[in-house]
Structure formats: C-alpha cells, structure tokens
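Everything below concerns the one structure shown next.
Since this is a predicted model, take the numbers as computed values, not measurements.
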Amino acid sequence: MLLTPSPFLACRLSLAASRHLSPCPPPLASTRSPPTLVVRRTLRVQSIATPAEATAGFDEMAAGTQRKYYMLGGKGGVGKTSSAASLAVKFANNGHPTLVVSTDPAHSLSDSFAQDLSGGTLVPVDGPDSPLFALEINPEKAREEFRSASQRSGGTGVKDLMDSMGLGLLAEQLGELKLGELLDTPPPGLDEAIAISKVMQFVEAQEYRMFSRVIFDTAPTGHTLRLLSLPDFLDASIGKIMKLRQKLASAASAIKSVFGQEGPQQDATDKLEQLRERMIKVRELFRDTESTEFIIVTIPTVMAISESSRLCSSLRKENVPVKRLVINQILPPSASDCKFCAMKRKDQMRALEMIQNDPELMSLKQIQAPLVDVEIRGVPALRFMGEIVWK
C-alpha cells in the first residue's frame with residue numbers, strides 16, 4: 001500500500017521548524033542574499049532524498065506477507081532506536097502489522113515514539129495506518145519475577161533435580177552452606193535470556209502471529225553479540241548437563257534397583273530437552289537468510305566505523321545475515337561552510353572512505369541518512385525520517 005500525500009504533508013508541516021523544510025519567503029528571493037537561498041534549496045533536497053546508489057531497497061524489504069525479522073544494532077549513540085522506530089512506522093504505513101521490540105536495558109523507544117512503553121507488555125502505537133505495537137522488555141521486572149520464583153520454590157529446585165539423580169544427601173550438605181541465597185541475585189546475561197524468551201514467544205505464541213514484520217531495537221554491540229551467541233551457548237551447556245545427568249542417573253538407578261527404589265524421573269530431562277529444542281529454533285531463526293536480517297547502524301566517525309567493522313565480522317562468524325549499513329548524521333553539502341562544518345565534513349569524508357576500503361563493510365548496501373536540525377520524536381517525525389532513510 002503506497003503512502004497518500006496527505007500524511008507526508010502533515011509530517012512536513014509538523015517539522016516546519018526545520019531550516020531545510022521551512023518554506024522560503026518569495027520576498028527574500030528578490031531582495032537579498034541569493035546564495036542563502038541556494039543553501040536552503042540544497043539542504044532541502046539532501047534531507048529528503050539520498051543518492052540513488054544509497055537507497056535501502058525498501059520495496060524488497062516490504063515484499064510478501066511472510067513474517068520477517070529485522071534486528072538493528074551498532075555502537076551506542078548512533079541512532080539505532082530512531083532507525084528502528086522509523087522502519088517500524090514505514091512498514092505499518094505500507095500495510096504490514098508490525099511489532100517493534102527494544103532489548104536494550106537503557107530503553108529509549110518510549111522517547112522515540114513519545115509514548116510510555118515501559119510496562120513490559122505490548123502497547124499500541126497511535127498514528128500509523130496499519131497496526132503497530134511496541135514493547136520494551138523490562139529487565140528489572142524480570143529480576144523481580146526471578147526473585148519471586150526463587151522464593152516461591154523455597155530454593156528447592158536444585159535439590160529436587162539432585163534428588164532425582166540420587167544425590168539428595170549431597171544436596172542437603174550444600175544446603176547447609178546457604179547457597180540458595182545466591183538465587184536472590186539474577187545471573188549474568190539475564191537481560192539477553194529474557195530477550196531470547198521473547199523471541200521464542202514471537203515464534204510460537206498465537207497472539208503474535210498477526211505480525212508480518214518484527215523489528216528488534218538491540219542494545220549496543222557487546223550486549224547484542226551476547227544475545228546472538230546465547231542460543232549456541234545454552235544448547236551446548238544443556239547438552240553437557242543432559243549427558244552428565246544420564247551418567248549419574250544410570251549409576252543411581254543401579255544403586256536404587258538394589259533397594260527396590262527405582263522409579264521414573266524424566267520430568268527434569270524432558271524440560272531440559274524442550275528448552276534445548278527451543279534454543280535450536282531461535283538459533284535457526286537468527287541464521288535464516290529468508291526471514292531474518294541484521295542491519296548495522298553507524299555514524300561517519302573513525303571510531304564508529306571501526307566498531308561496525310568488528311560487529312559485521314562477528315555477525316558473519318555467527319552466520320547471521322547482514323546486508324545493509326545505515327550511516328546516520330551525514331552533513332549535507334553547503335555552498336558556504338563555517339570552519340567547524342568544513343572540518344566536520346572532511347572528517348566524515350575520511351570515515352566514508354574507510355567504509356569503501358573495509359573488507360567487512362564494503363560489500364554492504366549503504367544507506368546514508370542526512371543530519372537534521374530537529375529532534376526525531378513522535379510518529380510524524382518518524383514518518384518523515386522513514387521517507388528519508390528507507391527508500
């Protein structure tokens with residue numbers, strides 16, 4: 001479904017404070033400063049249209065009704081959230097029921113949409129033509145649930161598992177050390193584990209099947225790489241745990257059979273096997289070239305480009321499909337530069353040349369997004385950004 005002219009016009013009006021979107025008064029054109037008018041005209045063009053070779057290929061991204069997952073990530077502060085939110089709005093305005101999820105513990109998705117999304121549940125976003133829902137995964141709430149579950153179980157989960165393996169006496173001895181108090185502190189990587197569990201819900205739950213596009217606004221690079229590698233780590237860990245349990249169970253079974261106490265103890269094994277199967281599904285989803293794509297977001301600085309190169313290399317080692325590179329905050333050309341702008345543009349050109357020569361990034365489809373002089377906040381502004389970036 002194509003956009004009608006009126007929403008985009010409303011977006012332009014809502015951003016009239018922008019220098020390159022504000023209408024140019026005719027009297028100025030005939031009375032003074034013709035060069036200034038040329039500058040404004042150039043800025044207007046650059047902020048609305050990007051070069052043909054830098055188009056995002058949005059028609060390809062929006063084609064088909066099969067569900068697709070897009071994960072946007074990169075260095076902190078490069079505009080990941082704005083890029084993810086604007087992509088979500090554009091998908092929704094092109095007929096795709098869309099869900100955008102923030103896995104970043106330091107959420108800014110609420111700020112981007114100018115709407116409270118902090119409850120940890122699906123929230124409808126007002127404004128787009130098709131259904132658009134947003135979700136901020138709440139790590140603090142998950143930690144509370146973790147502590148509550150630990151308290152409700154009385155810390156007996158580990159003991160029950162060891163009892164089933166015939167190691168109840170050892171469990172009692174460990175209990176005297178009060179190791180259960182450690183359960184009050186959630187384990188490292190809990191944020192990533194919660195994000196993985198949400199991915200499982202998107203794959204399996206009926207309530208999420210309406211969404212044909214799911215977008216992840218991920219945490220900065222380090223968190224994202226942990227998130228993507230977690231299924232492999234858990235799969236390997238669960239496999240080792242199951243092998244150890246089988247060895248201990250067979251030894252315990254032989255001892256118990258002597259005393260006539262042998263009985264079926266499959267619950268724990270079944271649960272581990274189910275978790276392992278889920279992790280395999282998530283791992284396959286992350287690597288599915290037909291339904292998943294990771295989009296790297298960066299800015300034209302040497303530090304950001306260097307980190308983006310390392311991220312791209314890591315993604316390829318994990319066999320995660322990556323095709324596009326969004327470069328935010330490009331300074332538009334100007335007929336008359338101040339010294340600061342001239343130096344800044346020179347630095348940006350140096351960084352852009354790095355991309356052309358970088359073995360990891362040079363093959364990616366580059367999407368250049370110009371620097372704008374207004375804050376991208378709220379659906380109208382995100383719609384405007386989507387028209388600039390996602391062409």
Side-chain angles (χ1 to χ4, degrees), residues 1-11 50 55-73 79-103 109-110 112-115 117 121-137 195 198-218 282 285-286 288-297 320-324 326 365 367 369 376-391:
M1 181 182 67
L2 295 176
L3 290 175
T4 59
S6 55
F8 184 65
L9 179 59
C11 173
T50 51
T55 57
F58 181 77
D59 289 343
E60 172 198 346
M61 299 169 73
T65 57
Q66 176 190 359
R67 176 184 289 180
K68 293 183 180 179
Y69 298 85
Y70 290 93
M71 309 179 75
L72 282 80
K80 297 185 298 295
T81 299
S82 296
S83 299
S86 64
L87 179 58
V89 170
K90 180 132 191 192
F91 274 136
N93 284 332
N94 279 265
H96 284 288
T98 303
L99 172 63
V100 56
V101 183
S102 172
T103 63
L109 200 60
S110 291
S112 187
F113 280 107
Q115 190 173 338
L117 309 172
T121 58
L122 293 184
V123 178
V125 176
D126 302 326
D129 299 334
S130 291
L132 172 60
F133 285 77
L135 168 67
E136 285 185 343
I137 296 175
K198 288 297 179 183
V199 174
M200 293 177 182
Q201 289 183 22
F202 302 150
V203 174
E204 299 175 350
Q206 182 70 34
E207 62 183 302
Y208 295 107
R209 290 186 180 176
M210 66 173 284
F211 299 112
S212 59
R213 295 294 182 269
V214 179
I215 299 169
F216 290 94
D217 169 33
T218 68
V282 172
L285 176 67
F286 283 164
D288 186 350
T289 56
E290 296 297 323
S291 63
T292 302
E293 179 184 340
F294 195 102
I295 300 174
I296 299 176
V297 183
V320 176
V322 52
K323 303 176 185 176
R324 293 172 173 84
V326 176
K365 181 177 291 187
I367 307 165
I376 302 298
R377 186 169 185 265
V379 170
L382 291 168
R383 187 195 302 259
F384 164 72
M385 181 177 178
E387 291 302 311
I388 297 174
V389 178
W390 306 108
K391 288 187 171 294

Spacing of [X] atom [atom1] and [Y] atom [atom2] [to the nearest 0.5 Å]:
X: I137; Y: D217; atom1: CD1; atom2: CG; value: 10.5 Å
X: S112; Y: M385; atom1: OG; atom2: CE; value: 8.0 Å
X: F133; Y: Y208; atom1: CZ; atom2: OH; value: 10.5 Å
X: K323; Y: I296; atom1: NZ; atom2: CD1; value: 13.5 Å
X: T103; Y: L109; atom1: OG1; atom2: CG; value: 10.5 Å
X: S83; Y: L382; atom1: OG; atom2: CG; value: 10.0 Å

Closest approach of [X] to [Y] (non-hydrogen atoms, all atoms of both residues):
X: V125; Y: Q115; value: CA-OE1, 3.7 Å
X: E207; Y: F211; value: O-CE1, 4.4 Å
X: G64; Y: H96; value: O-CE1, 3.0 Å
X: A205; Y: R209; value: O-CG, 3.5 Å
X: A92; Y: P131; value: CB-O, 4.3 Å
X: A369; Y: V389; value: CB-CG2, 3.6 Å

4.5 Å side-chain heavy-atom contact, T98 and S130 |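 No. Closest side-chain heavy atoms not under 4.5 Å.
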Take V320 and M71 through the side chain to side chain contact (heavy atoms under 4.5 Å, CB included) test and state the conclusion after the steps.
-> CA-CA 10 Å; V320 176; M71 309 179 75; 5.6 Å; no
Hey, does the side chain of [X] reach the backbone of [Y] with a donor-acceptor pair shorter than 3.5 angstrom?
X: S110; Y: L117; result: yes
X: N93; Y: D129; result: yes
X: S212; Y: Q66; result: no
X: T292; Y: L285; result: yes
X: R213; Y: A88; result: no

Take W390 and V326, measure what side chain to side chain contact (heavy atoms under 4.5 Å, CB included) needs, and give me the verdict at the end.
-> CA-CA 10 Å; W390 306 108; V326 176; 3.7 Å; yes
Identified side-chain contact (heavy atoms from CB on, under 4.5 Å) partner of F113 from the options T81, D126, V89 |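 Going through T81, D126, V89 one by one, the side-chain contact (heavy atoms from CB on, under 4.5 Å) with F113 is satisfied by V89 alone.
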Short N-O contact, E293 and K68, less than 4.0 angstrom =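 No, E293 and K68 are not salt-bridged.
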Is E387 salt-bridged to K90, going by a charged N under 4.0 Å from an acidic O?
->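 A salt bridge links E387 with K90.
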Partners passing ring-ring contact (aromatic ring centres under 6.0 Å, His included) against F216 (at least two apart in sequence or in another chain) =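 Once residues adjacent in sequence are excluded, the partners of F216 under the ring-ring contact (aromatic ring centres under 6.0 Å, His included) criterion are F202.
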